[in-house]
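Read the numbers this way: they start at 1 and go in the same order the structure lists the ligands and their atoms.
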Amino acid sequence: MSFTKTITVAHGDGIGPEIMDSTLKILDAANSNLIYESIEVGEKVYNKGIKAGIEDKSWDIISKNKILLKAPITTPQGGGVKSLNVTLRKTLGLFANVRPCRAYHPFVKTKHPDMDVIVIRENEEDTYGGIEHRQTFEVYQCLKLITLPGTERIVRYAFEYAKSNGRSKVTCLTKDNIMKLTDGLFHDVFKTVSKEYPHIESENLIVDIGTARLADTPERFDVVVMPNLYGDIVSDITAQISGSVGMVGSANIGTKTAMFEAIHGSAPDIAGHNIANPSALIQASVMMLRHLGQFTQADNIQNAWLKTLEDGIHTPDIFNNDSKLKASTQDFTQAVIERLGQKPATLSKVSTSGAVNFQIPALKLSRSENKPSATQKRTLTGVDVFIYWEPQNINLLAQRLNDAASEEFELTMITNRGTKVWPNGNPETFCTDHWRCRFKSMNGKATQFKVVDLQKRLTKHAIDIIKTENLYLFDNEPAFSSGQGE
Ligand code: NAD
């Protein structure tokens, strides 16, 4: 017996209202113990000139109810508008994005009849901070931030998910052969945390070949965990090859609040035609019911939905030669409702699996007594000064930088787009108007004041500084990348 729960509902844009209407009808028909409190988000709010796409009063409702069922929304292009989806995930601390991608063979066509992959995407970090700058006439930058607590939390979540759901393997996808510090951290944390789960197999693959294998032989994968951007791309690929992006729901889990949504967007191309597949949002609502402990209702809806697929009642996106009825959104909804209480014959029926809320172990690497800030020594050793300079004679630039360095710092390297061009650059290296000039402390005793003084001297020498990045040693180990070709 579960208690009645008030949840926040956002009907969204495009096909959003149609598939939300379908989902709520099914939830009601299955006697879910839910009360709905609606909020307006997305296009209508953006059109009022509110760039966040959400009003303050809606935040209050979300915080009060703690559970949000959200239909997709349209993100306007340009105009300084921020993606509401990203804002919701980050503001509410919804760190884990869980996307179960399973084949429904032979009823929904797929080249991968045995696939059953859980994609777990880190949901707050990486390039999704949206910290971008145009720095020079030719160069634009997006900051990729990967943190120790953010990584530890998502990796622990992936292993706990595997443990709680009887999964046997967790695969991590990173690009740490190139991004040795950021993706290297993700990989290192994965290796460390995996040791606490000896009964679960673990592997790390480079994201490019890992994604290729996932698209080719998804049945060899079980739970897959990765940073935000890779997860965004990989989860759409995985959903599509399982049958359709219109079939996969997504749980966004935080420590206090959770949001459930379809993985697909607002599909403006088919909005208002009563042909959208409501399955992804139905799947999201089933995950939500499990999150709320309403397992009987969750299983009832899931089994009726599987039976509907088995009976060949298919929306146009999954309609195939063996389908029996090309169903509208409303036909499909009615068919699921009529099958409540029934079980599928071929597709494996469900019983209380797929839990998404369980106790995540406390963060040990980043927040315990042994946290790095308590045990490691951090030493300032130099500074990378990024400058705007139209490509000319590089030796003249080096001379000017050296003159400004004085006896405190030594100019050790100039790179362009990460490739060393001084000393001993290759004339074939293409250069833009954006240069990184690396200064190392002569006596190993750099200070913030000395770095600021260096900047003053550089400015006096007519050097146009865009930004600086301090160079640190952690326990005497360099914590900055070297130049390509250095
Ligand atoms: P989309 O997922 O909306 O559509 C991609 C294709 O899949 C389209 O051909 C569409 O018709 C089809 N499709 C999607 N869902 C379907 C369904 N349930 N049934 C049948 N067919 C379906 O992606 P898009 O066109 O790139 O984006 C449209 C808008 O949605 C954009 O403004 C984007 O920013 C937004 N978006 C929102 C979310 C979200 O709210 N979580 C996620 C992704 C994209």
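None of Ile26, Ile337, Thr296 except one satisfies the side chain to side chain contact (heavy atoms under 4.5 Å, CB included) rule with Ile301; the exception is Ile26. Among Glu132, Arg134, Gln135, the single residue meeting the side-chain hydrogen bond (donor to acceptor under 3.5 Å, both in side chains) criterion with Gln141 is Gln135.
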Kindly indicate, with the supporting measurements, whether the criterion salt bridge (charged side-chain N to carboxylate O under 4.0 Å, His left out) is fulfilled by Glu203 and Arg220. CA-CA 12 Å; Glu203 69 173 346; Arg220 78 177 281 282; 3.4 Å; yes

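Only the side chain of Asn85 comes within 4.0 Å of ligand 1, counting heavy atoms alone; its backbone N, CA, C and O stay farther away. Under 4.0 angstrom from ligand 1, there are no non-hydrogen atoms of Pro278. If you look at Ile15 next to ligand 1, the close heavy atoms, those under 4.0 Å, all belong to the side chain. With a heavy-atom cut-off of 4.0 Å, Asp317 touches ligand 1 through its side chain alone.
For the pair Arg156 and Phe190, the NZ or CZ position fails the cation-pi test of under 6.0 Å to the six-membered ring centre and within 45 degrees of the ring normal.
Nearest residue to atom 22 (C) of ligand 1 from Leu88, Ile270, Asn277 is Ile270 (criterion: closest heavy atom).
With hydrogens and angles ignored, the 3.5 Å screen pairs no side-chain donor or acceptor of Ser266 with any backbone N or O of Gly14.
Every atom of ligand 1 with a heavy atom of Pro268 under 4.0 Å away is listed here by number and element: 28 (C).
Using a 4.0 Å threshold on non-hydrogen atoms, atom 5 (C) of ligand 1 does not count as touching the protein. There is no protein heavy atom less than 4.0 angstrom from atom 27 (O) of ligand 1.
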Under 3.5 Å, sequence neighbours excluded: what are the donor-acceptor pairs made by side chains of residues 309-318?
{"residue": "Glu310", "atom": "OE1", "partner": "Ala345", "partner atom": "N", "Å": "2.7"}
{"residue": "Glu310", "atom": "OE2", "partner": "Ala345", "partner atom": "N", "Å": "3.1"}
{"residue": "Glu310", "atom": "OE2", "partner": "Thr346", "partner atom": "N", "Å": "2.5"}
{"residue": "Glu310", "atom": "OE2", "partner": "Leu347", "partner atom": "N", "Å": "2.6"}
{"residue": "Asp311", "atom": "OD1", "partner": "Lys307", "partner atom": "NZ", "Å": "3.1"}
{"residue": "Asp311", "atom": "OD2", "partner": "Lys307", "partner atom": "NZ", "Å": "3.2"}
{"residue": "Asp311", "atom": "OD2", "partner": "Arg339", "partner atom": "NE", "Å": "2.6"}
{"residue": "Asp311", "atom": "OD2", "partner": "Arg339", "partner atom": "NH2", "Å": "3.3"}
{"residue": "His314", "atom": "ND1", "partner": "Ser323", "partner atom": "OG", "Å": "2.7"}
{"residue": "His314", "atom": "NE2", "partner": "Leu309", "partner atom": "O", "Å": "2.9"}
{"residue": "Thr315", "atom": "OG1", "partner": "Asn277", "partner atom": "ND2", "Å": "3.3"}
{"residue": "Thr315", "atom": "OG1", "partner": "Asp317", "partner atom": "OD1", "Å": "2.7"}
{"residue": "Asp317", "atom": "OD2", "partner": "Ser244", "partner atom": "OG", "Å": "3.1"}
{"residue": "Asp317", "atom": "OD2", "partner": "Asn277", "partner atom": "ND2", "Å": "3.1"}

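Side-chain N/O atoms of Tyr128 and Asp232 include a donor and acceptor closer than 3.5 Å.
Not a single heavy atom of Ala280 sits less than 4.0 Å from an atom of ligand 1.
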